[in-house]
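Take a look at the structure below.
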Amino acid sequence: MSSDEHSLTVGPGGPNLLQDAYLIEKLAHFVREPVPDRVYHVKGGGAFGYFEVTADVSQWTKAAFLNQVGKRTPMLVRFSSVAGEEGYADTDRDVRGFALKFYTEEGNYDLVGNNTPVFFVRDPMKFPDFIHSQKRMPDSGLRSNNMQWDFWTLSPESAHQVTILMSDRGTPRTWRNMNGYSSDTYMWENAGGEKFWVKYHFKTEQGIQNMTDAEAKAMFGQDLDYHRRDLREAIDREHYPSWRLEMQIMPYEDAAGYRFNPFDITKVWPHKDYPTIPIGRMVLDRNPENFFAQIVQATFDVANFVPGIGPSPDRMVLGRMFAYGDSARYRIGPNYAQVPVNQPISEVHNYNKDGPMRYFHSGDQPVYAPNSYGGPKADPQRYRDPGWFVDAAEIMRTAYEAHRDDDDFVQPGTLYRQVMTPTDRDHLVGNIVWHLSQGVERFIQERAVKDYWAKVDSDLGARIAHELGLAVVAR
Ligand code: HEM
C-alpha cells in the first residue's frame, strides 16, 4: 500500500474509486470493530495471575487443581460494575463483578461471583426484570431511581443485598480493596463420592477499603476509569494484589434441616454455623497485552466445572448454567472457546463441528459418535454428572420451601444492628435517603419505609422516614 493517508482518486480533485480496496477494507473493518456488549457487567477490567493451594482439601473435593498443597493454576480475573455501560464512572454505587477463570489441567473452571455474599433475587425468573430496573427507562433512555426502588420494595428478598449496596461497600475504593464471593452455593465431591455444599469467599489481602458517597461522586469528575487504572498501575508497579480463598463447607445431610434454606442466594450462612476455612491464595501479576482480545472477548461460563465441583439446587446457579454460554455464543460466536483467552490448557475433545471462525478442526477424525474409527470416547467414571437426590414431587411453579428461620428481613437486620459500626449506620441512612430523594415517587418512598426498611430495623425505618419528612409509621 502506497499511502496510509490518501485514498485513491481521479486526480487530486476527482472522486474516490470503487477499486480502492484498501479504503473499503479499512472502512468496512472499522464499523465491525465492536462485538456486542455483555448484557450487563459491561464496564470492567482484568488481569492474569495464579491460584496457589495452601491446605489439603482432598477430604472435600477431588478437583485435581486443588488437590496438592503448593500447586499453582494460571488464572484470568475480570472485575466489573453491573449497570453502567462502557465509559460509565467506575466509582458509581453498584455491585462489583468478580469473575474468575482457572485454567486447570482438567479444563477451565469458571467461578462468576460478585463482591457481595448475597444477591437481589433468588429465582432466575426474576433476573431480567431486576436488571431492567437497574438500567435505562424505555422512553427516556435515562436511569431511574424510581424504577429501582419500585422493583426492590416489591421484592422483599432484595433487602439484604440492597442494605449492602447502600452501605459503603457499594462504593469500593478499588477492585483490589474488595472481597469476592461465589454468593451462590455449589457442590464439592471427594474421590469417595461424598458430597458437600460450599460457598467461596475471596478475602482481599489489601484490606477492605471503601469510598464515602461524597468521595465516590467526586471521583466521577476526576477519573471515570479510576478502578481500571488502579489495577493496571498496581500491577505495573509490581504491587500484585492478592486474595485468600476461604471456604464455607456444609455436610450434604445438613441442608435439609438447616435453619435457613442453604440454597437461597439472598441469605448468608452465619460463620458461627459454618466457619470459613482458608485453602488457597489468588495473586494477579500480569496485565493483559490487549484489552479487546483478552478482556472484552473473555467469556466466563457458570457451567464450566471440573470433576469434583458441580452445581447445587440453588435455582440461580441452575438458571445461570444456561445464560453464560448462550451469551458467549451470541457475543463472540459459537467457537468462542477457541479464542486464545478462553482456550483451556487441556486438550478439548468433542463432536462439535465447523461454525463461524472455527480455528481448530478435527482433521480427518470422525465427526459423529458412536464411531468405529477411534474418535474420542465419553468417560462415565471420571466425568459422571454431579447430582443430588430430590424427593419425587409434582412439577410446579412455586417458591422455595421456607426453612425455620427464613425471613427476608432477619439477616439484613442483623447486619445493621450487629455488624455495622455507628458510622456505617449513619452512612447507610445518608446513602438511602439521598438515593430515595432522586426522583422517587412519594408512594414508593412510603413503601420503602413502611414495608422495607422498617422491617429490616425499626430504628432504621424511623431515621429514613424522618429524613425524608414522611409521616409513615416506621413499623
Ligand atoms: C439467573 C440469574 C443470572 C443470569 C441469567 C445471569 C446472566 C448473565 C449473562 C448473560 C452475563 C454476560 C456474560 C457474557 O457475555 O460474558 C452475565 C455476566 C455476569 N454475571 Fe450474571 N447472571 C445471573 C446472576 C448472577 C449472579 C447471582 C452473579 C454473582 C453471584 C452474577 C455475576 C455476573 C458477573 C460477575 C458477570 C460478568 C462476567 C464477566 O466479567 O465477563 N450474575 N450474567
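Counting convention: from 1, in listed order, for ligands and their atoms alike.
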[X], any N or O under 3.5 Å of ligand 1 N or O:
X    : result
S327 : yes
Y181 : no
S182 : no
Y324 : yes
R331 : yes
T299 : no
D184 : no

Between D92 and R143, is the closest basic N to carboxylate O distance under 4.0 Å? yes

### Message
Assess whether a salt bridge exists between K199 and D184, defined as any Lys/Arg side-chain N lying under 4.0 Å from an Asp/Glu carboxylate O.
### Response
no

So for F79 against ligand 1, with non-hydrogen atoms under 4.0 Å, the contacting part is neither

Any heavy atom of D326 under 4.0 Å from ligand 1? The part involved is neither

Protein contact of [atom] - nearest heavy atom, named by residue and atom, plus distance:
atom                    : result
atom 19 (C) of ligand 1 : H41 CD2, 3.3 Å
atom 25 (C) of ligand 1 : R320 NE, 3.2 Å
atom 35 (C) of ligand 1 : G113 O, 3.3 Å
atom 30 (C) of ligand 1 : S183 OG, 3.5 Å
atom 40 (O) of ligand 1 : R78 NH1, 2.6 Å

Taking the side chain as everything from C-beta on, heavy atoms only, tell me whether [X] gets closer than 4.5 Å to [Y].
X    : Y    : result
W197 : S312 : yes
R169 : M178 : no
F202 : Y181 : no
T163 : W453 : yes

Numbering as shown, the atoms of ligand 1 that approach P124 to under 4.0 Å (heavy-atom distance):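 Within the 4.0 Å cut-off of P124, ligand 1 contributes 1 (C).
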
| Verdict with reasoning, N304 to D110, per side-chain hydrogen bond (donor to acceptor under 3.5 Å, both in side chains) | CA-CA 6 Å; N304 274 346; D110 294 348; 3.0 Å; yes

Next on the checklist: Is it true that, when you exclude H29 itself, more than 12 heavy atoms of the residues, nucleotides or ligands shown sit nearer than 6.0 Å to its NE2?
Outcome noted: no

Q. Is atom CD of E347 surrounded by more than 12 heavy atoms (other residues, nucleotides or ligands) closer than 6.0 Å?
A. no

Any atom of ligand 1 sitting under 4.0 Å from a heavy atom of [X]?
X    : result
Y40  : yes
F98  : yes
A328 : no

- Query: Going by the angle between their ring planes, with limits at 30° and 60°, are F119 and F130 parallel, tilted or perpendicular?
  - Reply: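 Rings of F119 and F130: perpendicular, over 60°.
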
May I ask you to check if R315 and Y400 form a cation-pi contact, with NZ or CZ under 6.0 angstrom from the six-membered ring centre and within 45° of the axis?
->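 Verdict for Y400: a cation-pi partner in R315.
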
